[in-house]
Engineer: 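Pasting a structure here, questions to come.
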Number of protein chains: 2
Amino acid sequence: MDSFDQLRARLGDLADVKAASAVLSWDQETYMPSGAGAARAQQLATLGRLAHEMFVAEEFAAVLSAAAEEVAGSPPDSDEARIIRVITRDHEKATRIPAKLVADLAQATALAQQAWAEARPKSDFEGFRPHLERVLELTLAKAEALGYEESPYDALLDDYEPDMKASQVAEVFAALRTELVPIVQGIAAADMPDDACLRRHFDAAAQWEFGEAVIRDFGFDFERGRQDRSAHPFSTNFAVSDVRITTRVDENFLPTALFGTLHEAGHAMYEQGVDAALARTGLDNGTSLGIHESQSRLWENQVGRSRAFWEHYYPGLQRTFEGALGAVPLDEFYRAVNRVEPSLIRVEADEVTYNLHVMIRFELEMQLVTGSLAVADLPEAWNAAYERTLGLVPPNDAQGVLQDIHWSFGLFGYFPTYTLGNLIAAQLFEQVQSDLGDLDGQIRSGEFAPLREWLRDRIHCHGRKFTADELLERTTGGGLDAAPWLRYVREKFGGLYGF
Amino acid sequence: MDSFDQLRARLGDLADVKAASAVLSWDQETYMPSGAGAARAQQLATLGRLAHEMFVAEEFAAVLSAAAEEVAGSPPDSDEARIIRVITRDHEKATRIPAKLVADLAQATALAQQAWAEARPKSDFEGFRPHLERVLELTLAKAEALGYEESPYDALLDDYEPDMKASQVAEVFAALRTELVPIVQGIAAADMPDDACLRRHFDAAAQWEFGEAVIRDFGFDFERGRQDRSAHPFSTNFAVSDVRITTRVDENFLPTALFGTLHEAGHAMYEQGVDAALARTGLDNGTSLGIHESQSRLWENQVGRSRAFWEHYYPGLQRTFEGALGAVPLDEFYRAVNRVEPSLIRVEADEVTYNLHVMIRFELEMQLVTGSLAVADLPEAWNAAYERTLGLVPPNDAQGVLQDIHWSFGLFGYFPTYTLGNLIAAQLFEQVQSDLGDLDGQIRSGEFAPLREWLRDRIHCHGRKFTADELLERTTGGGLDAAPWLRYVREKFGGLYGF
């Protein structure tokens, strides 16, 4: 076997072990009986360790470097050249972190997750504090081990947004913030739309069927995927031919399941759209969390909360939920699903204020990582930031600094990708509007193939071959930019809120 | 770490990889989207290969022999001594089969399964013949590699019934046959009970709920297990704390789901009952297929088709299916679920004639394995055996020699375990009746804990610590014996059919 084929065989084995872990995690969130938690945690730990050992093994390094030499003459954008580039990068990162640090982080985050779960309902930041301090300490050690040029934050961000720098994020966020804060203030001063029509009774099975019918129209392939229930919606990928989503259903609040389904289908269609030639290479996945989130947000918001979308689907929705919506005019419903209101909880935030929650977390993470803020002072800093940015002060830490699970997992550098996703969604949507002509008209007639194929050809099919910046450059001719999202928000919500 | 702890750590890793394979297989049969088959087959192949490599690695052999030396002084029935005994045995077998033969068998059986699936609906034995010849040839090579004293069949049987010999099976089967054939002839001559009451409409959800309520009463632990739908019922085990069953539902035939659920729950309670101290050792499983089948058959037949059981459950079943069963007296229903009729298809056979199907397969397998029957002559031999044994001639090979999938998987030596299970169920049931006194009265009042605990203490908790013969000796004071089953059949069906 040639060296590159040997590399592909090893990458295939790795992909299979990781797929098994993903199936076990999916099952844990969907069907696993309650008493199986400890056994499942052990199984996942073993598979994770085996995959890591296979990847950092000396034999792997030898095969990788022989393969790199063998295909050194390939065109720079070929699958071969890109597989070598991405895997070499992953491999270098994986070998830089000492095994002891990996184990310490695994243990500290397991304990921190448990402490967080106990501390949050009691609003007991002090109970969580020592765990967060330990996780932060180890996370900084990880950043040092990985190395960086400008800021330790770069090393952490790189796990979720390869090649992106904290300074780049800070610059874009600053531009965004300057313009966004007055928009939110303007909205807060306007009349709030009534969303009572969303808070009636909606049969769970009918909600499920309606959501699945919409994503079937979008192009989610049910031959290569499925939707199940879980406590928290997510999407996961066991193969290009097996991409699954989950959602939860609230019979007394229509948006939970519906927009959850559209959001996760956006993630899933990205992974269903990866070129089959990249299957089992480690490149058959989203290239960054920001690009991933752009796909979910685009289908959820730019499409799913647009007036054109509801002109198409609202009559059917009214027929399905005649009792709840039969007498509610389209405009009232459209305004309800686009209600904007500054609030304390990120996961419940609307499309416009959501980014402010993210910016607060980014700002605090930067201070924690660079040492200008101590963990002990975090609740105070959190509350001050919320007051300054959203005009609200959390009544307790449960609704403040303890609301997100991320830091207990050691996920520093993750939050900004949510806003990057929103911004990139708007950049891509502006481009696709210009490329396709009457996209709005297509959505109004339920014709999603042109949009989906545009995304597939330019984003999905490449998997991890190109970074977020490379994809933006290839697709829009420029880099990350907050302006398209601000234009989108001004146009849509300016109309709705009259500013 | 001591050597024995090192061994347990390695066995734990192996158990986790095998559990992952089991989850992937379970998902394949329950929820996996149709397009994911090829990717899943690849994932299962990789995990199977990794587990095999981990087990036959030189380091494993070194750890195993050091551990064996370390605990050499342990009492012979201690967990330590038994773990060493069972794992050493497994390890010797695994290392005896050359890697090339493992790979050839995997490939040949994959092709044979496909050929079988195509040949059966067309009743095309000739299309399947070359595949079966190849699988048999490789299976015989496997028997030679494993080694045997009396017959190559012993080496194959050993995978499913450790330590049992073909001569022992042949002897018990001969005794059984002599007495069973006239019983079946007697039944065939009697009036056939009418089972029309089972062939009405039974709502699927109500069937599901009823079956789950019964196995909850039995003691199936839903905190450490669950039931899902699949095309073919099965039970599987990811951990002592995660044992799952599946069934199928036929809305026009009540027994399919109900007895399927009771049967699989019997398998599952066995694995839920293994001592937690054996978790992740490779001994936390059934000790043989015969013992496993004894547990499923005991709950399905000795309990679930008894008059006492239906005296307890029939009023509730009538309330659930008022339209179908409201006017059907208990006696008519009881006779219907115990209808006996010689037939062509094993999986549809009743409790009494089932063993004749198994004996035919054992007889033919023995001839194939010892070379006295050629694959080409198999259909003719099959049909002759059915005529001689059950008085029926299959109209085609689909309903004859092509009906079972087993041989395409290379599962020679597997069939006898079905009958061993029936016989052992009767042996255990006779013993438990004598130990517990009024077992019939307990079943009549829905009190299953004494029976379940008796089985747990004597069979379930030991996992693979003792062989089938050892368990029978410890529990009944004797070895495998057809007499208790024959007594059970004569008493129950003698009453029903008046002989």
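Please read all numbers here as calculations on a predicted model, not as lab measurements.
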Engineer: Which one wins on heavy-atom pair count under 4.5 Å against chain A: B:R224, B:R244, B:M32?
Structural biologist: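 So the answer, after comparing B:R224, B:R244, B:M32, is B:R244.
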Engineer: Would you mind telling me which of A:A279, A:G225, A:S21, A:A239 has the largest number of heavy-atom pairs within less than 4.5 Å of chain B?
Structural biologist: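 Ranked by contacts with chain B, first place is A:G225.
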Engineer: Enter the distance from B:E271:CD to B:I245:CD1 here, rounded to the nearest 0.5 Å.
Structural biologist: 12.0 Å
Engineer: How close do B:D16 and A:T46 get, counting heavy atoms only, and between which atoms?
Structural biologist: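 The pair with the smallest heavy-atom distance is OD2-OG1, 2.5 Å.
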Engineer: Counting heavy-atom pairs closer than 4.5 Å to chain B, which one of A:A39, A:P33, A:G35, A:G12 comes out on top?
Structural biologist: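 Result: the option with the highest number of such pairs is A:P33.
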Engineer: With only heavy atoms counted, which part of A:D27 is less than 4.5 Å from chain B, the side chain, the backbone, both or neither?
Structural biologist: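 Side chain only.
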Engineer: Flag the one option from B:A15, B:G37, B:S34, B:A45 with the top tally of heavy-atom pairs under 4.5 Å to chain A.
Structural biologist: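 Highest number of heavy-atom pairs under 4.5 Å: B:S34.
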Engineer: Less than 4.5 Å to any heavy atom of chain A: does that hold for the side chain of B:F238, its backbone, both, or neither?
Structural biologist: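 Both parts, backbone and side chain.
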Engineer: Would you call B:R8 and B:D79 a salt bridge, using N to O less than 4.0 angstrom?
Structural biologist: no
Engineer: As an exercise: rank A:M54, A:R280, A:R40 by heavy-atom pairs under 4.5 Å with chain B and give me the winner.
Structural biologist: A:R280
Engineer: Is A:L44 close to chain B through its backbone or its side chain, or both, or neither, when contacts mean heavy atoms under 4.5 Å?
Structural biologist: neither
Engineer: Side chains of A:E264 and A:T246, heavy atoms from C-beta outward: is any pair under 4.5 Å?
Structural biologist: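 A side-chain contact under 4.5 Å is absent here.
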Engineer: Please report the C-alpha distance between A:N237 and A:D284 in whole Å, then the side-chain angles of each, then the deciding distance to 0.1 Å, and finally whether the side-chain contact (heavy atoms from CB on, under 4.5 Å) criterion is met.
Structural biologist: CA-CA 9 Å; A:N237 162 359; A:D284 48 344; 5.6 Å; no
Engineer: Measure the acute angle between the ring planes of A:F55 and A:H91, then classify it against the limits of 30° and 60° as parallel, tilted or perpendicular.
Structural biologist: perpendicular
Engineer: What pair of heavy atoms forms the shortest contact from B:H460 to B:M269, and how long is it?
Structural biologist: ND1-O, 3.4 Å
Engineer: Measure A:Y31 against the heavy atoms of chain B and call it side chain, backbone, both or neither at under 4.5 Å.
Structural biologist: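 Both parts, heavy atoms under 4.5 Å.
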